[in-house]
Amino acid sequence: MKNLLIIISLLGITLMAFPQQELPKMRKNEVKVALLSLASGTTKVTYERWVRKYQSVEFTAGVIGWGFDKLKNSDPRGTAWRLAYKFILPNARNAFNQLCGFYVKPELCYSTYHYNHDPRGRLKVDRLALMGVLGYDWVLNWFVFDLYGGLGLATGNSNHSNYHHGFIGWNDQTPFAFTAGFRVGVAF
């Protein structure tokens with residue numbers, strides 16, 4: 001019995017001498033940038049906040065006119081906004097980071113801007129869309145890669161290209177719209 005107590009004591013001292021493995025810190029926030037939007041003349045930054053198990057809220061603000069306008073949208077100037085409530089599907093990969101994984105989200109998108117359209121001069125566009133979006137948010141320690149796509153309905157006046165700096169109108173005769181892209185960022 002005495003030998004058993006000595007062995008258990010030595011085992012306990014040995015285990016305490018080794019450093020404990022730390023569990024990964026749960027990240028509750030993300031800040032992401034939509035890289036493709038930079039090529040279309042818009043800078044969009046998204047903030048995502050964990051609100052409860054496998055759910056988060058996302059808010060995106062964009063400045064139309066900050067970017068490279070490779071689509072030649074005739075000097076657009078304005079703002080773009082998005083608000084979404086995200087439902088993240090649970091899996092083994094996101095046990096320690098509940099912002100990671102496949103998700104579905106309803107998203108409200110709004111853009112308001114002016115652009116040059118010859119010969120009518122400078123035109124104003126206000127466009128609102130409600131989208132259903134599917135995606136995957138991959139989080140590796142602090143690095144975030146978010147890939148998404150969705151469909152929905154839009155209302156408001158249109159422009160000559162049906163691109164509304166965050167979503168695209170199917171055509172100017174129908175209310176259908178879609179969105180797709182990817183974002184990169186950091187989790188903290």
Side-chain angles (χ1 to χ4, degrees), residues 29-51 55-88 99 103-138 143-188:
N29 301 286
E30 291 179 355
V31 174
K32 302 176 267 192
V33 176
L35 293 179
L36 291 177
S37 70
L38 292 172
S40 68
T42 307
T43 299
K44 288 188 280 195
V45 177
T46 300
Y47 173 71
E48 182 175 352
R49 172 72 178 158
W50 179 85
V51 291
Q55 295 178 29
S56 66
V57 172
E58 232 179 35
F59 177 72
T60 301
V63 178
I64 299 170
W66 289 4
F68 303 106
D69 197 15
K70 296 293 184 188
L71 298 175
K72 307 288 187 238
N73 279 323
S74 304
D75 192 31
R77 299 283 179 226
T79 59
W81 307 92
R82 297 172 92 121
L83 180 63
Y85 196 87
K86 202 173 194 182
F87 299 94
I88 304 158
L99 295 175
Y103 62 82
V104 61
K105 64 181 178 180
E107 184 170 49
L108 189 63
C109 309
Y110 176 70
S111 58
T112 179
Y113 57 97
H114 291 84
Y115 74 104
N116 295 333
H117 184 61
D118 295 327
R120 297 186 294 174
R122 195 138 176 95
L123 300 178
K124 182 171 182 0
V125 175
D126 288 305
R127 194 81 171 164
L128 178 69
L130 180 60
M131 306 280 214
V133 179
L134 300 172
Y136 186 80
D137 203 343
W138 182 63
F143 177 76
V144 177
F145 183 80
D146 184 6
L147 181 66
Y148 62 92
L151 298 169
L153 298 173
T155 186
N157 56 335
S158 191
N159 67 14
H160 67 283
S161 68
N162 287 324
Y163 176 70
H164 298 287
H165 301 275
F167 60 95
I168 298 171
W170 194 264
N171 61 41
D172 56 354
Q173 286 83 32
T174 65
F176 300 112
F178 65 95
T179 186
F182 70 93
R183 296 180 278 214
V184 296
V186 295
F188 56 96

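Considering only heavy atoms from C-beta on, I64 comes within 4.5 Å of S111 through its side chain. Between V57 and Y47, the closest side-chain pair of non-hydrogen atoms is not below 4.5 Å. The closest side-chain heavy-atom distance from Y136 to F145 is not below 4.5 Å. Residues V133 and T179 have side chains in contact (heavy-atom distance under 4.5 Å, counting atoms from C-beta outward). The shortest distance between side-chain heavy atoms of W81 and L83 does not fall below 4.5 Å. Put simply, the side chain of L108 reaches to within 4.5 Å of the side chain of L128, judged on heavy atoms.
At least one donor-acceptor pair under 3.5 Å links the side chain of N157 to the backbone N or O of K124.
For T42 and H165, the side-chain atoms include at least one donor-acceptor pair closer than 3.5 Å.
Applying the salt bridge (charged side-chain N to carboxylate O under 4.0 Å, His left out) rule to pairs touching residues 155-165 yields nothing, sequence neighbours excluded. Within the structure, salt bridge (charged side-chain N to carboxylate O under 4.0 Å, His left out) contacts touching residues 148-167 (residues at least two apart or in different chains) do not occur.
Residues passing the ring-ring contact (aromatic ring centres under 6.0 Å, His included) test with Y85, sequence neighbours excluded: F87. With sequence neighbours excluded, the residues forming a salt bridge (Lys or Arg N to Asp or Glu O under 4.0 Å) with E48 are K32, K86, listed by chain and number. Residues satisfying the salt bridge (Lys or Arg N to Asp or Glu O under 4.0 Å) criterion with R49, sequence neighbours excluded, are absent altogether.
Considering all non-hydrogen atoms of both residues, L99 and S56 come closest at CD2-CB, 3.7 Å. A61 and F59 get closest at one heavy-atom pair: CB-CE2, 4.1 Å. Considering all non-hydrogen atoms of both residues, T60 and K44 come closest at CG2-CB, 4.0 Å. Closest approach of Y110 to T112, counting heavy atoms only: OH-CB, 3.6 Å. For C109 against M131, the heavy-atom pair with the smallest separation is SG-CG, 4.1 Å. Between G169 and H164, the closest heavy-atom pair is N-CD2, 4.1 Å.
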Kindly list each side-chain donor-acceptor pair under 3.5 angstrom involving residues 181-188, sequence neighbours excluded, with atom names and distances?
from : atom 1 : to   : atom 2 : distance (Å)
R183 : NE     : D146 : OD2    : 3.4
R183 : NH1    : T46  : OG1    : 3.1
R183 : NH2    : D146 : OD2    : 2.9

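Here N162 contributes atom CG and R127 contributes atom CZ; the two are 7.0 Å apart, rounded to the nearest 0.5 Å. Here the CG atom belonging to D75 is positioned 12.5 Å from the OH atom belonging to Y115, to the nearest 0.5 angstrom. Between the NE2 atom in H114 and the CG atom in L123 there is a gap of 9.0 Å [rounded to 0.5 Å]. Between atom OH of residue Y103 and atom CD of residue E58 there is a gap of 6.0 Å, rounded to the nearest 0.5 Å. To the nearest 0.5 Å, the span separating OG1 on T43 from CG on L35 amounts to 10.5 Å.
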